Engineer: 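Sharing a structure below in structure tokens format, with a few things to ask.
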There are 2 protein chains.
Amino acid sequence: METFPEKGRSWQHGASRAHRRPARPERGGAVAATIKDVAASAGVGIATVSRVFSGTGAVSAATRERVLAAARDLHYRPSAVGRSLKTRRTGGLGLAVPDATDPFCADLIGGVLDCARTLGQHVLLDATLGDPAREAEIADRFAEQRVDGVIAVPSGTGDPWEGFPRAGVPLVFAGRVPSCRTWTGRAPAVLADDAAGIRSAVEYLVGLGHRRVGFLGAPAPGTPPDVREDAFRAALTALGVPVEEDLVARARPTRDSAYAAAAGLLQRRSDLTAVLASGHLPGEAAVLVARELDLRVPADLSIAMVDDVAWAELCDPPLTAVSRPARDLGYRACELAARGGVRRGPSGPVLLPTELVVRGSCGPAPSRRARH
Amino acid sequence: METFPEKGRSWQHGASRAHRRPARPERGGAVAATIKDVAASAGVGIATVSRVFSGTGAVSAATRERVLAAARDLHYRPSAVGRSLKTRRTGGLGLAVPDATDPFCADLIGGVLDCARTLGQHVLLDATLGDPAREAEIADRFAEQRVDGVIAVPSGTGDPWEGFPRAGVPLVFAGRVPSCRTWTGRAPAVLADDAAGIRSAVEYLVGLGHRRVGFLGAPAPGTPPDVREDAFRAALTALGVPVEEDLVARARPTRDSAYAAAAGLLQRRSDLTAVLASGHLPGEAAVLVARELDLRVPADLSIAMVDDVAWAELCDPPLTAVSRPARDLGYRACELAARGGVRRGPSGPVLLPTELVVRGSCGPAPSRRARH
DNA sequence: GTGAAAGCGCTAACAT
DNA sequence: ATGTTAGCGCTTTCAC
């Protein structure tokens with residue numbers, strides 16, 4: 001942490017400034033005071049001013065005061081731009097998420113912001129919206145801005161992020177790894193233990209007596225068969241429950257698509273006694289469709305989902321959910337990205353545990369006959 | 001939009017570089033190629049390279065190609081740091097919200113990101129967490145980073161943001177205005193028409209026959225009596241319904257506080273036939289407390305709230321809500337902040353309309369006797 | 001059409 | 001303890 005005079009007060013253009021101001025910022029208006037202005041006004045060299053503000057080197061208490069006073073007077077704030085050029089560090093971290101509006105992403109962002117703050121870094125945020133082109137543009141921008149580290153929740157192959165490790169900029173994937181396996185071990189990742197989460201839900205459901213469990217997946221576009229889907233099959237198989245192919249429905253990550261998939265699944269397989277939704281969007285869809293179809297939850301249909309969003313508890317009945325530590329994911333990823341923990345080579349992804357939050361939406365499996 | 005070679009590819013340190021590299025970025029590793037490297041490698045002057053990348057001036061097709069090739073070779077990305085120092089524009093916008101995790105803020109952020117993208121700006125995001133000190137630090141950081149514009153969802157007095165307009169940096173408040181009226185007309189604001197929103201809800205409720213309507217407020221800490229609370233009283237009065245003081249409950253903007261307030265209100269006034277929650281937190285609390293108290297919604301108690309969050313529709317019954325155009329708020333605020341529309345003087349805040357989304361949580365007022 | 005040179009605001013040697 | 005100086009990577013006159 002650096003020491004600034006008058007935390008919270010902001011700079012402004014100087015009052016008495018002698019030297020010329022050729023190129024104004026285009027949209028006329030005041031111009032920020034520079035280190036030179038302060039030096040002149042305080043009657044010292046610019047190096048001294050720099051020392052005062054950067055905390056480096058020794059300055060006599062008297063001079064320091066004079067400088068501080070002058071700075072206050074001129075509303076001086078050291079320019080990060082100038083400093084960054086010299087020090088080759090911007091103090092900024094790039095954060096790219098699919099959608100800042102999504103509760104999972106929002107929590108993750110919260111974690112990053114938290115951590116960045118303790119580290120004295122700021123955060124450039126942008127949303128990929130699941131569009132590879134947009135993701136590439138964002139990576140580009142981060143590069144251009146010379147961020148000190150990057151945290152990405154990748155949508156696609158992860159290719160756009162390739163340049164960072166090469167250039168010595170720490171790159172950390174969070175929440176998911178790029179589909180392309182170029183990345184295996186190349187960049188560190190902080191992930192929720194999705195497979196374990198799915199497993200816990202499946203075990204819970206099967207333990208309740210369910211044998212016909214549906215899966216509502218919503219992989220990002222272009223992603224190969226989701227980890228969760230695989231985990232779902234594996235968990236079922238491990239428990240000796242045969243996996244039928246049409247128990248699995250896939251959707252794009254939008255409300256409409258999820259709804260369509262849920263409706264399709266539940267109508268196609270009216271013998272289902274439980275559904276596991278792979279995210280809050282399909283979870284929401286399952287609830288809505290069940291309501292539409294007049295299925296009582298959990299009497300007729302048990303519902304569980306991944307992501308313990310706020311409404312899970314407000315639903316009636318409250319929804320059983322696999323909670324992913326989104327905030328921690330962000331926090332840890334930020335630590336790694338800022339500290340450059342990357343250097344320690346391909347140490348494999350950091351896996352954070354999930355937790356099954358049992359509420360009222362799952363019950364014992366009803367008789368094996370079709371529902372309606 | 002500038003033209004760059006190979007959108008999406010990123011820069012890297014050059015292969016054949018002659019000149020010295022004294023100060024490496026501390027954490028060893030590759031260093032990005034500079035304009036000089038490209039110039040040397042392409043056998044041209046740096047000005048030419050600059051022209052190629054900034055689109056300024058004329059460059060012959062042949063030279064342009066050579067430059068582009070060299071740049072590609074060296075994984076060159078122009079440095080925004082160098083450019084910003086020269087041009088005095090960083091291309092960055094500062095965005096401060098109380099909490100990135102809150103659905104309203106998240107939507108607002110989404111809007112800002114959207115708009116910023118179309119404007120070719122990037123966004124520095126930070127969360128104030130309702131803490132004035134933190135808010136001041138963030139303002140400080142934005143100033144230091146020399147953002148081109150600021151969008152703030154203020155928590156307190158708005159004092160920390162004072163420096164920006166003074167320094168000629170466009171400042172736009174979004175969602176709410178600072179409590180201190182220093183700001184009246186000083187900085188533009190983009191607001192939802194909260195008063196109208198509350199009014200529409202109150203009119204709806206009273207129209208349903210409700211006469212004992214409670215209000216669950218959750219003003220930010222340190223904020224004077226909320227606009228919404230005032231609007232609530234006014235609306236009731238306008239309809240000829242007497243306003244009793246203890247119909248209004250206030251809470252801090254946390255789950256727990258909201259819950260406590262809701263429980264207090266509903267227990268204290270068991271004759272209430274309807275509640276209007278001033279936000280999704282108190283709304284959530286109302287739903288939970290009603291459930292806890294075994295009140296049927298809407299038979300025993302009608303519930304409406306401000307902010308049409310995702311779960312409003314998933315609730316049983318689905319919740320009637322006043323929807324605020326959070327995303328548009330962000331979008332518009334960003335436009336103003338980036339375009340510097342500020343210059344047009346104190347034109348008063350931009351007011352965006354709210355919408356009453358009627359769902360199933362409000363019904364005709366039950367008999368006037370106390371509930372239980 | 002292209003190059004040389006002068007800074008933008010700052011830090012870091014190096015002098016004093 | 002403090003001043004001088006040389007750049008950091010870029011844009012921008014100003015010559016040619």
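Quick caveat: nothing in here was measured; it's all calculated off a predicted structure. Within every chain, numbering begins at 1; the chains are lettered A, B, ... in the order of the sequence lines, protein sequences first and strands thereafter.
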Engineer: Please tell me which of the listed nucleotides, D/dG9, D/dT12, D/dA1, lies nearest to the side chain of B/T56?
Structural biologist: D/dT12

Engineer: Between the side chains of B/D126 and B/R134, is the shortest nitrogen-to-carboxylate-oxygen separation below 4.0 Å, so that they form an ion pair?
Structural biologist: yes

Engineer: Is there a donor on the side chain of B/R146 or the base of C/dG9 sitting less than 3.5 Å from an acceptor on the other?
Structural biologist: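 Under the 3.5 Å cut-off, the side chain and the base do not form any donor-acceptor pair.
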
Engineer: From the list D/dG3, D/dT13, C/dG9, which nucleotide is the closest neighbour of the side chain of B/R51?
Structural biologist: D/dT13

Engineer: Nearest-Å distance, NZ (A/K36) to C1' (C/dT11)?
Structural biologist: 14 Å

Engineer: Among C/dC8, C/dT11, D/dA1, which nucleotide has an atom closest to any side-chain atom of B/L85?
Structural biologist: C/dC8

Engineer: Contact class for A/T48 (heavy atom, under 4.0 Å): base, sugar-phosphate, or nothing?
Structural biologist: sugar-phosphate

Engineer: Taking only N and O in the side chain of B/R88, is any of them less than 4.0 Å away from OP1 or OP2 of C/dG9?
Structural biologist: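 Indeed, a polar side-chain atom of B/R88 lies that close.
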
Engineer: Base, sugar-phosphate, or nothing for B/V44, non-hydrogen atoms under 4.0 angstrom?
Structural biologist: sugar-phosphate

Engineer: Can a side chain N or O of B/R83 be found less than 4.0 Å away from OP1 or OP2 on D/dT11?
Structural biologist: yes

Engineer: Contact class for B/S50 (heavy atom, under 4.0 Å): base, sugar-phosphate, or nothing?
Structural biologist: base

Engineer: Mind calculating the distance between CZ (A/F53) and C1' (C/dA12) to the nearest angstrom?
Structural biologist: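 To the nearest whole Å, that distance equals 18 Å.
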
Engineer: Which nucleotide sits closest to the side chain of A/A47: D/dC10, C/dC10, C/dA12?
Structural biologist: C/dA12

Engineer: Which is true for B/S84 with a 4.0 Å heavy-atom rule: it touches a base, it touches only sugar-phosphate, or it touches nothing?
Structural biologist: nothing

Engineer: Name the nucleic acid region contacted by B/V81, choosing base, sugar-phosphate or nothing; use a 4.0 angstrom heavy-atom cut-off, strictly under.
Structural biologist: nothing

Engineer: Looking at the base of C/dG1, is there any donor atom on it, or on the side chain of B/R64, that sits under 3.5 Å from an acceptor on the other one?
Structural biologist: no

Engineer: On the 0 to 90° scale, with breaks at 30° and 60°, tag the A/Y76-A/F53 ring pair as parallel, tilted or perpendicular.
Structural biologist: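 Because their plane-to-plane angle is over 60°, the rings of A/Y76 and A/F53 count as perpendicular.
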
Engineer: Counting only side-chain heavy atoms from C-beta out, which of D/dG9, D/dG3, C/dT11 sits nearest to A/I46?
Structural biologist: C/dT11

Engineer: Measure from the side chain of B/T87, starting at C-beta and using heavy atoms only, and say which of D/dT11, C/dT11, D/dC10 lies closest.
Structural biologist: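 Selected nucleotide: D/dT11.
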
